Amino acid sequence: YASGACGARRQRHAINHGTVGMITIDREKWADCIDELMPLCEQVFALEEARFTGLKLDFDTEMYHAVERCDRFHCLVMRENGKAIGFHWLFTTPMMRHKGYVQAHTDAIFVLPEHRKHSAKLLEYSTQYIKERASFWTLANLQAKDNSKLWQHKGFESIETIMFKKLGE
C-alpha cells in the first residue's frame, strides 16, 4: 500500500510529461480515496449497469474493507498532478481447480474521457502489478462500450460470454 492519506503516498510508477503534468499510478486504500473516486465510479456505472439493474451505487464498505485486509481487493489509482483521473479495481482469488494458481479479475477499470490518452499507462501498470500476484487475468467487456478489439490487441482472448440476469426485485 501507499502510506498515509490519498495525497501523501509513495509513488510506484511516475511519468513526467512536461507541460502536461505528472502521471502517477499506485495502489491505494479504497477507504482513503473512494470519496474522490465516486464521480468516476458513477460514470462507469452509468455505462450499462445502472440501466440494467435499476439500482443506485450503494457500496458495502465493510465488505470492501474486509477483502482489502485479506489482500484480495486491489484499488489502483491513476492521477495527474495529484488529481484522480482513472482507476482499476481488481480482485485476486485462488483457482481451486488449479492448485497453486491465482487469477485476477477486473471489477471496474475507467479513465476519464478527457484523459484517455493515458489509458495505456494504466493498462501497462496493471499488467505488471497483476503479473506479480496472479497467473491469469479476466475481465468483462461491456456491450455498451465494446472494447473487445482493444483487449484482444492487449493479448486477451475471448473465451466466454458473461450473461447477467436480474432476479426478482
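As the structure is a computational prediction, the values presented were derived from the model and not from experiment. Just so it is clear, the values below take in all heavy atoms, side chains as well, and ignore hydrogens, waters and symmetry mates.
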Undergrad: Could you pull out the closest heavy-atom pair between Pro113 and Gln43, with the gap in Å?
TA: CD-OE1, 3.7 Å

Undergrad: If I take atom CD1 from residue Ile25 and atom OG from residue Ser126, how far apart are they, to the nearest 0.5 angstrom?
TA: 7.0 Å

Undergrad: Kindly confirm or rule out a cation-pi arrangement of Arg79 over Phe87, judged by NZ or CZ under 6.0 Å from the six-membered ring centre and within 45° of its axis?
TA: no

Undergrad: Could you go through the side chain to side chain contact (heavy atoms under 4.5 Å, CB included) check for Leu122 and Val111 one step at a time?
TA: CA-CA 9 Å; Leu122 181 57; Val111 176; 3.8 Å; yes

Undergrad: Does Phe136 belong to the same Ile/Leu/Val/Met/Phe/Trp/Tyr cluster as Tyr129, with side-chain heavy atoms less than 4.5 Å apart forming each link?
TA: no

Undergrad: Could you state the interatomic distance from CG (Asn81) to OG1 (Thr24), rounded to the nearest 0.5 Å?
TA: 8.5 Å

Undergrad: Considering only residues two or more places apart or on different chains, which pairs with a residue in residues 54-63 satisfy side-chain hydrogen bond (donor to acceptor under 3.5 Å, both in side chains)?
TA: none

Undergrad: Over all heavy atoms of both residues, which pair between Arg27 and Phe73 is shortest? Give the atoms and the distance, please.
TA: NH2-O, 2.9 Å

Undergrad: Please test Phe45 against Leu40 for side chain to side chain contact (heavy atoms under 4.5 Å, CB included), starting from the C-alpha separation and ending with a verdict.
TA: CA-CA 9 Å; Phe45 182 68; Leu40 284 74; over 6 Å; no

Undergrad: Decide side chain to side chain contact (heavy atoms under 4.5 Å, CB included) for Tyr125 and Lys121; before the verdict, give the C-alpha distance in whole Å, the side-chain angles of both, and the deciding distance to 0.1 Å.
TA: CA-CA 6 Å; Tyr125 181 85; Lys121 293 170 187 61; over 6 Å; no

Undergrad: At what distance, to the nearest 0.5 angstrom, does CD1 of Ile85 lie from CD of Glu80?
TA: 5.0 Å

Undergrad: Between Thr106 and Ala108, is there a donor-acceptor pair closer than 3.5 Å when you use the side chain of the first and the backbone of the second?
TA: no

Undergrad: So Phe91 and Tyr64, would you call those rings parallel, tilted or perpendicular, with 30° and 60° as cut-offs?
TA: tilted

Undergrad: Check whether Arg72 reaches the backbone of Glu68 with its side chain - one donor and one acceptor, N or O, closer than 3.5 Å.
TA: no

Undergrad: In Å, rounded to the nearest 0.5 Å, how long is the span from CD1 of Ile34 to NZ of Lys29?
TA: 14.5 Å

Undergrad: What distance separates Met78 CE from Ile109 CD1, expressed to the nearest 0.5 Å?
TA: 8.5 Å

Undergrad: Using the ring of each side chain (for Trp, its six-membered ring), is His65 parallel, tilted or perpendicular to Trp30, with breaks at 30° and 60°?
TA: perpendicular

Undergrad: Say you draw a straight line from NE2 of His74 to CG of Leu90; how long is it, rounded to the nearest 0.5 Å?
TA: 5.5 Å

Undergrad: Looking at every non-hydrogen atom in both residues, tell me the closest pair between Leu37 and Ala84 and how far apart they are.
TA: CD2-CB, 3.8 Å

Undergrad: Please list, one pair per line, the donor and acceptor atoms closer than 3.5 Å that link side chains of residues 93-103 to other protein atoms, with sequence neighbours excluded.
TA:
none

Undergrad: Any idea which heavy atoms bring Ala104 and Ile130 closest together, and the distance?
TA: CB-CG2, 3.7 Å

Undergrad: Please step through side chain to side chain contact (heavy atoms under 4.5 Å, CB included) for the pair Phe110 and Cys41, ending with a clear verdict.
TA: CA-CA 8 Å; Phe110 182 75; Cys41 295; over 6 Å; no

